[in-house]
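Written below as structure tokens is the structure these notes are about.
Just so it is clear, the model here is predicted, and its values are computed rather than measured. Remember, it's 1-based here, ligands and their atoms both numbered in the order they're listed.
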Amino acid sequence: MRCDQTPAWAALRAHFHESGKTFDARQALKDDPRRVPYWNMQAPHVYAELSKNLIDADTEALLLKLAEQCGVTQRRDAMFAGEAINSTEQRAVMHFLLRKPALRQDGYIDLAIENVAFELQAVHSTLDAMLAFAETVRSDVQITDIVNIGIGGSDLGPQMAVLALDAYRVPGKRFHFVSNVDGHELAATLKDLNPRNTLFLIASKTFTTTETMTNAESAKAWFVANGGQDTARHFVALTTNVAAAKTFGINTTFGFWDWVGGRYSIWSAIGLPVAIAIGAGGFRHMLAGAHAMDEHFRTAPLAQNLPVRLGLLDVWYRNFHGFTSRCIAPYHAALRRLPAYFQQLEMESNGKQVDLNGKPLSYGTSPVLWGEPGTNGQHAYFQMLHQGTDVVPVEFLAVKSAAHDLPGHHPKLLANALAQAQALLQGQSDQAGHKNFPGNRPSSFFVLDELSPTTLGAFLAMYEHRVFVSGAIWGINSFDQWGVELGKVLAKDIEPRLASGDVTGLDASTATLLYRLR
Ligand code: F6P
């Protein structure tokens, strides 16, 4: 049933007007000694403290009813059973399978994975080959620079993870990520490279994306023009389109499958830069961390299921409080690309305006996600978070142990994360106004014991499933992305017009700009 037609939705509306709207988390924390134990939880490798949110057990009980009435469990189970839940593309959605351990040697197949046993075998043979290749590159002293050419899911995940896991990075190798069709990016990267020492990874699920193909062609031309020998050794493809990679002239290809969405593909061959950076063992740990979270999401009762609790909170904020954005605040400099990664994950998945039957929605879906690492954000936009007219829920992520030994830094960093969450909640009163902080501004606080492949894997999987939950409530297809297509088609039409000056059929504004840019 559509969420806005369920009895739970109507009950949530009434509850919001009665008490939800004026709920004071500050007061609740003072009054209820059970609030913190109730709202914090340890999921696999991720600790979450949610008690500063504008929610109580009554709200959650109604949200759980909503989940039940919207069939969230059934949709989750359909995904894990390999059903084609991406209905507009008739595809299964099985990124979870990429992190599932291999089938048992004795041939025993767990009934739960009977449907997908064949795919699991293919996953592991590709994974083994990809990781063996990563090890070869790691020990190849001639290769000092790895250039990943890809965009969207073929860039954001690997780039984010290579940076995040810098403490685990193999010495002697530099990693570069080129995504933009803007030649400034590729040119700046190539400036300091020597073809002899460079390995290009051409990462594209489809192997048709304009940006990636343009950059790949230019990289090949640069390689040859600068005395590069043995293209086959220096170019590798990561794609589902093996034939197109061959036509491009690449022999070494690591494949994956159409049931892996681009924004869910870091766990597949697209993760090769990560595997080269942190090694086969590290990559397997990242998969294991994610798998532990998959099992939590698949089996924990909804009320004790972290991705479910977060997804329901997202619905409560978006559809009842009317909050339109969420700030991601990782207090770890190595997580600087995490907000960008989550932007694609959530906004490309849930930025939809029709339901599974193509019918327009009358309620909001994906919020805007944005953010920068702490403490940088504090000196930029936190002013607005504390005193602006809009309420923006903030998500803090702190890591208990540092991977460096510079004295004094880490306690300062952690103190700032705690203080910002505390300031948002507590506020401060000032009769004169300018120093008044309204307080009661919601935040969630996540803690990882360390930033390792395992904990990162678990945290990313938690986020994927949380996006799944809100998407399931909203009754949308979180796994297609038709909204990116129109602009691509129009750009193809406009490109030759920039050369010819032909503006026939263009609107007056676009025609004027085209002339201005010629
Ligand atoms: O245009 C959006 C998109 O299709 C993303 O979903 C995807 O991650 C990205 O482009 C790159 O696609 P590909 O990996 O096929 O080059």
Side-chain angles (χ1 to χ4, degrees), residues 85-86 88-95 98 126 130 147-162 177-182 185-186 200-220 235-248 250 253-274 337-352 365-366 369 460 463-464 467-468 471 476-495:
I85 61 167
N86 174 357
T88 63
E89 296 179 305
Q90 290 84 47
R91 287 179 184 166
V93 173
M94 298 204 290
H95 42 276
L98 301 168
T126 308
M130 192 268 265
V147 181
N148 188 80
I149 294 182
I151 196 164
S154 301
D155 164 64
L156 291 164
Q159 186 182 168
M160 175 274 298
V162 167
F177 291 86
V178 175
S179 52
N180 204 317
V181 74
D182 180 350
E185 190 173 40
L186 180 63
F200 289 98
L201 308 177
I202 313 301
S204 174
K205 177 176 171 181
T206 54
F207 227 76
T208 57
T209 304
T210 305
E211 289 89 336
T212 303
M213 292 304 105
T214 307
N215 281 323
E217 289 291 356
S218 299
K220 193 160 76 168
F235 282 79
V236 167
L238 316 172
T239 185
T240 58
N241 190 350
V242 181
K246 203 152 196 71
T247 311
F248 180 88
I250 295 182
T253 297
F254 297 99
F256 56 110
W257 304 272
D258 69 0
W259 44 260
V260 183
R263 51 195 175 272
Y264 301 89
S265 64
I266 183 180
W267 323 99
S268 71
I270 292 292
L272 180 59
V274 187
R337 293 298 286 160
L338 190 67
Y341 177 73
F342 284 165
Q343 275 174 340
Q344 187 195 15
L345 182 55
E346 187 148 349
M347 293 166 75
E348 200 173 69
S349 296
N350 285 349
K352 309 287 163 67
T365 54
S366 175
L369 266 70
L460 301 181
Y463 230 90
E464 289 177 351
V467 170
F468 178 96
I476 57 180
N477 183 355
S478 300
F479 301 101
D480 61 10
Q481 56 284 318
W482 298 107
V484 301
E485 296 303 326
L486 178 60
K488 291 183 190 172
V489 173
L490 296 181
K492 282 218 166 71
D493 169 63
I494 289 176
E495 194 185 328

Discussion item. Side chains of N241 and T206: any donor to acceptor distance under 3.5 Å?
Written reply: no
Fill in: Pair Q159-D155, side-chain donor/acceptor within less than 3.5 Å
yes
Worksheet item: Protein residues near ligand 1, heavy-atom distance below 4.0 Å?
Response: I151, G152, G153, S154, S204, K205, T206, T209, G262, Q344, E348, Q481, V484, K488
Worksheet item: Taking the six-membered ring of F235, is NZ or CZ of K220 closer than 6.0 Å to its centre and within 45° of its axis?
Response: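 No, K220 does not lie over the aromatic ring of F235.
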Worksheet item: Which residues pass the side chain to side chain contact (heavy atoms under 4.5 Å, CB included) test with T212, sequence neighbours left out?
Response: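 In terms of side chain to side chain contact (heavy atoms under 4.5 Å, CB included), with neighbours along the sequence ignored, T212 is linked to I149, I151, I202, S204, T209.
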Worksheet entry | Considering all heavy atoms, the nearest V467-S349 contact |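 Heavy-atom minimum between the residues: CG1-CB, 3.7 Å.
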Discussion item. Which heavy atom of R263 sits nearest to which heavy atom of D480, and what is that distance?
Written reply: NH2-O, 3.0 Å
